[in-house]
Amino acid sequence: MDQQEVEVPQFFICPISLQIMRDPVTLSTGITYDRESIEHWLFSNNNNTCPITKQPLNDQTTEIFLTPNHTLRRLIQSWCTLNASYGVERFPTPKPPTTKTQILKLIRNASNSPQCLLNCLEKLKSIVVESSANKRVFETTPQVIEFLARLIIVDNNDQSQEIGNNVGNKALSILSHLHITDVTLLKALLAEKEGTILNSLATIMQKSNDECRTYAINLMKLLVQVVEPNHVVSIRVDNFVEVVQLLKDNVSPKASKAALKFLAVASTWGRNRVRAVEAGAVHVMVNQLLELKEKRTTEMVLDVLDTLCGCAEGRAELLSHGAGLAVVSKKILRVSHFASEKGVKILYAIAKFSGSLSVVQEMVQLGVVTKLCVILQVECDAKTKEKARDVLRLHGKVWSDSPCAPMHVLRSLSC
């Protein structure tokens, strides 16, 4: 639109976005906004006040307090038509969003027969992808989230032909279109037995295509951050196997980061770090470090590896990999302060708890000792320097006899 040729009436402009309104809606405070802008303010930014009047809005349900302003919308459309010669395009009449009542009715009717269930999922999918307004309705209706969670569990516990093996995938596909980060929504997902939903998602990862595997691991990543500790500590080894396999398959950067986040959170509880090691996570982490160049992912891998080296099994697996010590040492001082801190912590765990004579000698031969000495001489985080100093002190006497170790640094530590 060329604003030098035509002036837009001020009351056509949304007070938030300062753009002409396409779907004007009025709040209970009497102020009119464009639907997309006010929904972003209310839902994405978690606000519960009117942006202009600052008055509180008591109900966060779309169909109650976002009232379509049909009169204003028709005025705007007429104005667009009158100014078409100036390049102003008339936008179509927006389709009203689906209401919460309509969605709940659809869900209730889905229980009548298996075919109704499949038809319901198809209908829900078409509704959720139709508009951002419809997504908001889904996201503010916990019953929808609970319904989809039940279907994920049913799909993996009831393999009858009548239900079909693709029900879980369909339900998961719908969930993937929603912005499920709010704790309330995640709790709704967990309402159908917390441990069961995690197991079901792992099963979906085993038998689905890469797209559904990505949906599943992303949801597992979100759930493991809010699930009760007693369910986190009981995550099965085969679930870790599926997560590790996803990393091996290199499905996508998004899926890999979600898998790493899942491992980072889950492995801190109970014997989960041992289960992750048994699933082959350490070797996959080392192989990832050998190939990775992206900063954030490298940091995440080192973070997971640091956690796994907190148990004897993890340290043994790292040492059994021919490139384990070398690649961890290589990443120090080359990626970020965070990566250096994690790398030194891994080397400290090895030196303190698994520092046999052969391991200590290998650390010299691979240049690990030299790297630790370099840390003490360059500008680096104080905690990282102190950890490096602790490692050198642990085996300084052994390393001082090696011609490969920087003698002057080791002598200074013994003073």
Supply the atom-to-atom distance T49 OG1 to I52 CD1, rounded to the nearest 0.5 angstrom.
10.5 Å
Taking only residues at least two apart or on different chains, which pairs with a member in residues 318-370 satisfy ring-ring contact (aromatic ring centres under 6.0 Å, His included)?
H283-H321
Backbone N or O of V144 within a donor-acceptor pair of the T141 side chain at under 3.5 Å?
no
Check whether any side-chain heavy atom of P24 sits under 4.5 Å from a side-chain heavy atom of F12, and report yes or no.
no
Under 3.5 Å: donor-acceptor pair, side chain of K331, backbone of L289:
yes
Looking only at side chains, do S267 and N272 share a donor and an acceptor under 3.5 Å apart?
no
Heavy-atom neighbours of W269 CH2 exceed 12 at 6.0 Å
no
Counting distance only, does the side-chain N/O of E228 pair as donor-acceptor with the main-chain N or O of N230 below 3.5 Å?
no
OG1 (T214) and CE (M205) are apart, to the nearest 0.5 Å, by 8.5 Å
Just checking, any donor-acceptor pair under 3.5 angstrom between side chains of D249 and Q245?
yes
Looking at every heavy atom in both S256 and N250, which two are closest together, and how far apart are they?
OG-OD1, 4.0 Å
Does atom NZ of K123 have more than 12 heavy-atom neighbours, drawn from other residues, nucleotides or ligands, at distances under 6.0 Å?
no
Derivation of the side chain to side chain donor-acceptor pair (under 3.5 Å) call for Q361 and S358
CA-CA 5 Å; Q361 291 173 342; S358 61; over 6 Å; no
With rounding to the nearest 0.5 Å, note down the distance linking CG in L148 to CG in L175.
4.5 Å
Side-chain donor-acceptor pair present, Q206, T203, cut-off under 3.5 Å
no
Count the heavy atoms belonging to other residues, nucleotides or ligands that lie under 6.0 Å from NZ of K345, then report whether that count exceeds 12.
no
Is there a side-chain contact between K261 and V265, using heavy atoms and a 4.5 Å cut-off?
yes
Donor + acceptor pair across side chains of S336, E299 (<3.5 Å)
yes
Start with the C-alpha gap between E313 and R273, add the side-chain angles, then the distance that decides, and say whether salt bridge (Lys or Arg N to Asp or Glu O under 4.0 Å) holds.
CA-CA 9 Å; E313 295 83 353; R273 69 184 67 189; over 6 Å; no
Close side-chain approach of R271 to V233, heavy-atom, < 4.5 Å:
no
Does the side chain to side chain donor-acceptor pair (under 3.5 Å) test come out yes or no for T26 and T32, once each step is laid out?
CA-CA 4 Å; T26 304; T32 297; 2.8 Å; yes
Is there a side-chain contact between L325 and I350 (heavy atoms, below 4.5 Å)?
yes
CA sep, side-chain torsions, deciding dist, call: R236, D238, salt bridge (Lys or Arg N to Asp or Glu O under 4.0 Å)
CA-CA 5 Å; R236 303 193 309 243; D238 55 340; 3.0 Å; yes
Does a donor on one side chain sit under 3.5 Å from an acceptor on the other, for T101 and T99?
no
Using side-chain contact (heavy atoms from CB on, under 4.5 Å) as the criterion, point out the one residue from L246, V304, I235 that pairs with F262.
I235
Does any part of the side chain of V284, heavy atoms only, come nearer than 4.5 Å to the side chain of Q288, both counted from C-beta?
yes
How far does CG of L372 sit from CG of L392, to the nearest 0.5 angstrom?
5.0 Å
Can you check whether P97 reaches E130 side chain to side chain, under 4.5 Å on heavy atoms?
no
Hey, does the side chain of H179 reach the backbone of E139 with a donor-acceptor pair shorter than 3.5 angstrom?
no
Tell me the closest heavy-atom pair linking F11 and L72, and the distance in Å.
CD1-CD1, 3.8 Å
Nearest heavy-atom neighbours spanning V25 and P68
CG1-CA, 4.0 Å
Kindly indicate whether the side chain of D23, heavy atoms from C-beta on, has any atom under 4.5 Å from the side chain of D34.
yes
Rounded to the nearest 0.5 Å, what's the gap from NZ on K135 to OG1 on T140? Could you check?
14.0 Å
Taken to the nearest 0.5 Å, the spacing of T298 OG1 from L260 CG works out to 10.0 Å
Write down the atom of I31, the atom of C50, and the distance for their closest heavy-atom approach.
CG1-SG, 3.9 Å
For the backbone of K170 and the side chain of S173, can you confirm whether one donor and one acceptor N or O come within less than 3.5 Å of each other?
no
Are any of the side-chain heavy atoms of L305 and K342 separated by less than 4.5 Å?
no
Are any side-chain N or O atoms of S329 and backbone N or O atoms of A326, one a donor and one an acceptor, separated by less than 3.5 Å?
no
Of all heavy-atom pairs linking S208 and R213, the shortest is O-CD, 3.6 Å
Under 3.5 Å donor-acceptor, N134 side chain and I127 backbone:
yes
NZ (K330) with more than 12 external heavy atoms under 6.0 Å
no
Ignoring hydrogens, what is the shortest heavy-atom contact between R389 and E386? Give both atom names and the distance.
NH1-OE1, 3.0 Å
